Structures are given as structure tokens and as C-alpha cells.
K.L.:
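I'd like to ask some things about the structure below.
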There are 2 protein chains.
Amino acid sequence: MSSITPVILGLLAHKPFSGYDMKAIVDRSTRFFWAGSYGQIYPELRRLEREGLIEGEDAPNGGRTRRVYRLTAVGREALREWLLGSATTIEYRDESLLRLFFADALPREQALQLLAGRKHGHERYLEVLRAIGTPPETDPTFDQLVLQWGIDFNEWGAKWCEQQLQRLRKQKAA
Amino acid sequence: MSSITPVILGLLAHKPFSGYDMKAIVDRSTRFFWAGSYGQIYPELRRLEREGLIEGEDAPNGGRTRRVYRLTAVGREALREWLLGSATTIEYRDESLLRLFFADALPREQALQLLAGRKHGHERYLEVLRAIGTPPETDPTFDQLVLQWGIDFNEWGAKWCEQQLQRLRKQKAA
DNA sequence: TAGTGCATGTAATGCGTTACATGATTTC
DNA sequence: GAAATCATGTAACGCATTACATGCACTA
């Protein structure tokens with residue numbers, strides 16, 4: 001099982017897709033917390049078919065080759081197991097946080113500017129996520145709930161920066 | 001400039017360290033958002049010395065070889081430039097969020113359990129961070145501020161999960 | 001004297017991204 | 001008819017982790 005496997009199974013649980021479809025969907029949804037590339041998707045699609053977790057069917061668009069896959073019962077069970085599993089990788093790399101970590105090497109005012117810059121980063125991210133759509137208040141699907149998480153997280157992050165900024169400025173004055 | 005470069009320069013801005021020292025420091029501080037390994041550190045140390053950003057000095061402990069590095073003026077300027085730079089990589093991989101994204105494939109109650117599990121993940125992370133230390137309320141250094149961010153973030157995350165859990169349970173009832 | 005920590009270093013491994021190649025179809 | 005989009009696929013590349021190798025020093 002590679003890192004892209006659950007994405008493929010998860011998407012196909014909804015409805016059949018081609019590799020190209022999946023890449024497009026990933027690029028405007030999971031990529032914010034789980035990226036994927038053709039170099040992962042296509043080989044894995046063939047492997048999963050060989051192993052019987054998915055089934056492919058040729059569905060050309062005119063003379064344009066196209067192969068759509070659907071989940072088998074075995075694949076659905078594999079997805080269920082992964083969903084219920086407990087192993088959970090978290091990888092977080094945040095250069096802005098690293099800068100802040102070393103900000104003591106900077107004059108006070110410039111260090112505070114790093115906080116302001118981070119706040120701005122959250123705000124820009126927020127715009128990107130809001131452009132994707134606004135999840136409904138009631139009965140959101142779980143994929144919409146995750147988008148809501150992204151929005152809430154960035155709002156929280158921007159607010160956190162602002163609060164620290166005010167706190168640190170006040171202390172300087174005192 | 002590799003990903004470990006700013007870490008080396010940033011640490012040496014404080015005081016001289018050996019490669020071994022730096023790895024140990026990284027492992028209990030930046031690794032939560034910026035990891036580093038010997039395979040990166042040692043080669044980069046020699047490169048940075050060759051380029052004149054740092055200077056090494058042999059400082060053996062008895063017969064145990066040891067080489068400590070300090071920042072040169074050129075290195076300090078390079079650090080300053082990186083700190084003030086705007087390029088900012090963010091990479092976030094969160095399997096728990098991916099699970100939640102595909103949770104529609106699960107019976108309602110099991111899907112909600114994923115939220116509970118995520119909350120638990122935040123709480124465990126919180127314990128790890130609190131074991132490192134509690135940043136002071138007043139006049140924290142910036143590295144302490146980043147630790148505070150980690151604590152605040154996980155508190156927020158746990159609370160978010162709890163709120164969604166309550167909201168989704170109430171909706172089911174309605 | 002065996003185990004742990006200090007200390008440096010590299011080779012192998014695994015991974016994902018990037019870039020490229022190919023070709024059909026739709027759109028302006 | 002040019003450009004964008006659909007569609008599949010792979011090779012090269014870069015990068016970080018893992019594992020291993022070496023050897024000294026301290027401590028139980």
C-alpha cells in the first residue's frame with residue numbers, strides 16, 4: 001500500500017473515475033494535506049487492478065483512450081480497513097514557523113514583521129480555500145467538513161498571529 | 001541552500017555547536033515542523049565551511065573527535081537574508097484528515113469515531129509538547145513562542161473536533 | 001565489562017515530483 | 001489552425017530517512 005492507495009480507493013467509493021479524473025480531483029481537494037502525482041497514480045492503478053481491489057474498463061472518448069476504474073468488494077473492504085486503522089502519519093513542514101523560531105536573531109521590530117507575514121500567509125490561504133466553496137452549515141458531507149477545517153484553521157492561525165503581535169507590542173511598551 | 005541550511009545558521013547564531021549537538025536540538029524542537037538528519041547535517045556543515053558561512057574548530061572531548069562550528073559574518077548575513085526572505089514552503093500531510101475526507105464511505109457512527117480519534121491525536125500531541133516545557137507568559141523568546149503555537153494549535157484542534165462532534169450528533173437527532 | 005551516550009560519517013533505500021513524450025479532441 | 005484540455009504513461013532527478021560502520025568515554 002502506497003500513500004496514494006487510500007486516495008484512489010476513497011474516490012472510487014463514490015463513483016468510477018479515470019486516473020486523469022482522480023489527479024484533477026486531488027489537485028483541488030486533498031492536495032492541501034495529501035498530494036498525489038501521475039507518477040504515483042497510474043502505476044498504482046494498474047497494481048490495484050492486478051491485485052483485484054479495483055476493476056478497470058476501457059471507456060474511450062472518441063479516439064481518445066480512457067480507462068475508468070471502479071471499486072471491487074475486496075477494494076471496498078480494504079478501504080474500510082484503512083479508514084478504521086490507527087496508523088496515522090503526520091508530516092508538517094512550515095518554513096514560516098522555522099523563521100519565527102529563529103527570529104531572536106533579528107531586531108525586535110523585524111521579528112514582529114515575521115509574525116505579520118505569517119498572518120498574511122494565513123489570509124491568502126483562506127482566499128484560496130474560500131474560492132473552492134463554502135461548506136453548508138447543516139448536514140455537510142465529510143469532505144466538506146475537511147474544507148471547513150481548512151478554513152477554520154487558517155482563521156484561527158491569522159487570529160493567533162494578531163493576538164501575539166498585540167501582546168508582544170504591549171510588553172515592549174511596558 | 002538545502003533545507004537544513006537555515007537550521008544550522010539559525011542555531012549557530014545563538015552559540016557554537018557540533019553537528020551532533022544540532023541534531024539533538026533539532027530532535028526536541030524544530031523537528032515537529034522541520035526535521036533534519038545526520039545525512040543532511042554533516043555534509044552541509046562541510047559545505048557551509050567551504051563556502052565561508054561557518055567556521056569549524058576541533059574541540060575533542062579527550063580522545064573523542066569533536067568539531068564545533070561558529071557563524072561567520074557572511075553566514076550571519078545569509079541567515080538575515082533568509083529570515084527576511086519571502087519564499088515560504090509549507091508541506092502538510094495528515095492521514096487523519098484524509099480519513100475524515102473519505103469518511104462518507106463509513107456508517108455515520110464510525111465516521112464520528114474518526115473525529116473522536118483525531119481529537120485524541122491532538123491530546124496526545126499536547127502531552128508531548130507540554131513535556132518539553134511551558135513557555136512563560138511574559139517575554140517569551142521566539143523559539144518559546146513557536147512551542148506556544150504548537151500547544152495552542154493542538155488545543156484548538158482538539159476543541160474543533162469536539163465541537164463538530166457535538167454539532168453532528170445534534171443534527172442526527174434533529 | 002557491558003551498555004549507554006558522545007561523535008562523525010556514508011551508502012543504500014525509498015519516495016515523490018518534474019519533466020517529458022505521445023496523441024486525440026474541443027474551443028477560440 | 002493554434003491553443004487548451006483530455007488522457008496515459010515513464011524516466012530522471014532530487015531529497016530525506018534509515019541503517020550501518022567506526023571508535024572513544026563514562027557508568028553501573
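Residue numbering restarts at 1 for every chain, and letters A, B, ... go by the order of the sequence lines. Remember, predicted model here, so these are calculated numbers, not experimental data.
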K.L.:
Under 4.0 Å: is that the gap between some side-chain N or O of B/S18 and OP1 or OP2 of C/dT8?
P.N.:
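For B/S18, the contact criterion (side-chain N or O under 4.0 Å from OP1 or OP2 of C/dT8) is met.
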K.L.:
Check the phosphate of C/dC6 against B/R64, side-chain N and O only, distance under 4.0 Å to OP1 or OP2. Yes or no?
P.N.:
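So the side chain of B/R64 is outside the cut-off, no N or O lying under 4.0 Å from OP1 or OP2 of C/dC6.
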K.L.:
Give the rounded distance in Å between these two atoms: OH of A/Y38 and P of C/dA21.
P.N.:
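Between P of C/dA21 and OH of A/Y38: 17 Å.
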K.L.:
Hey, which sits more toward the 5' end of DNA chain C by its nearest nucleotide, B/R66 or A/Q40?
P.N.:
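Counting from the 5' end, the first nearest nucleotide belongs to B/R66.
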K.L.:
Could you check whether A/R118 makes a cation-pi contact with B/W149, meaning its NZ or CZ is under 6.0 Å from the centre of the six-membered ring and within 45° of the ring axis?
P.N.:
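Geometry flag: set, cation within 6.0 Å and 45°.
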K.L.:
Among C/dG9, C/dA7, D/dA7, which is the nearest nucleotide to the side chain of B/R46?
P.N.:
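Within the option list, the nearest is C/dG9.
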K.L.:
Quick check: on DNA chain C, is the nucleotide nearest A/G36 upstream (toward 5') of the one nearest B/P43, or the reverse? Name the residue that is more 5'.
P.N.:
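Going by which nucleotide is closer to the 5' end, it is B/P43.
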K.L.:
Starting at atom CD1 of A/I8, determine the distance to atom C1' of D/dT8, rounded to an integer number of angstrom.
P.N.:
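Answer to the nearest Å: 14 Å.
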K.L.:
May I have the distance from B/D58 (atom CG) to D/dC24 (atom C1'), rounded to whole angstrom?
P.N.:
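To the nearest whole Å, that distance equals 15 Å.
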K.L.:
Remember a base hit wins even if backbone is also touched, and classify A/S3 as base, sugar-phosphate or nothing at under 4.0 Å, heavy atoms.
P.N.:
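Sugar-phosphate contact only.
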K.L.:
Do any side-chain nitrogens or oxygens of B/Y42 fall under 4.0 Å of OP1 or OP2 in C/dT8?
P.N.:
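Yes.
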K.L.:
What does A/S37 touch in the nucleic acid at a heavy-atom separation under 4.0 angstrom: a base, only the sugar-phosphate, or nothing?
P.N.:
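Base, at least one base atom sits under 4.0 Å.
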K.L.:
Do B/S3 and A/R93 make a side-chain contact, defined as non-hydrogen atoms from C-beta onward lying under 4.5 Å apart?
P.N.:
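B/S3 vs A/R93: side chains touch.
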K.L.:
How about B/H14 and A/F102: do any of their side-chain heavy atoms sit closer than 4.5 Å?
P.N.:
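A side-chain contact is absent here, since even the closest heavy-atom pair is not under 4.5 Å.
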K.L.:
Measure CE/B/M22 against C1'/C/dT8 and give the value in whole Å, please.
P.N.:
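In whole Å, C/dT8 C1' and B/M22 CE are 13 Å from each other.
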K.L.:
Of the nucleotides D/dT17, C/dT17, C/dA7, which one has an atom closest to the side chain of B/N61?
P.N.:
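Ranking D/dT17, C/dT17, C/dA7 by closest atom to the B/N61 side chain puts C/dA7 first.
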K.L.:
Phosphate oxygens OP1/OP2 of D/dC6: is one of them under 4.0 Å from a side-chain N or O of A/Y20?
P.N.:
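Checking A/Y20 against D/dC6: at least one side-chain N or O falls below 4.0 Å of OP1 or OP2.
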K.L.:
Tell me, do A/I8 and A/F17 make a side-chain contact under 4.5 Å, heavy atoms counted?
P.N.:
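The answer is no, as the side chains (C-beta and beyond) never meet within the 4.5 Å cut-off.
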K.L.:
Between B/I41 (CD1) and D/dA16 (C1'), how many Å, whole number?
P.N.:
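Roughly 12 Å, once rounded to whole Å.
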K.L.:
Ignoring hydrogens and angles, state whether a donor on the side chain of B/W160 or A/D152 is under 3.5 Å from an acceptor on the partner side chain.
P.N.:
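A pair is found: one side chain offers a donor N or O, the other an acceptor, under 3.5 Å apart.
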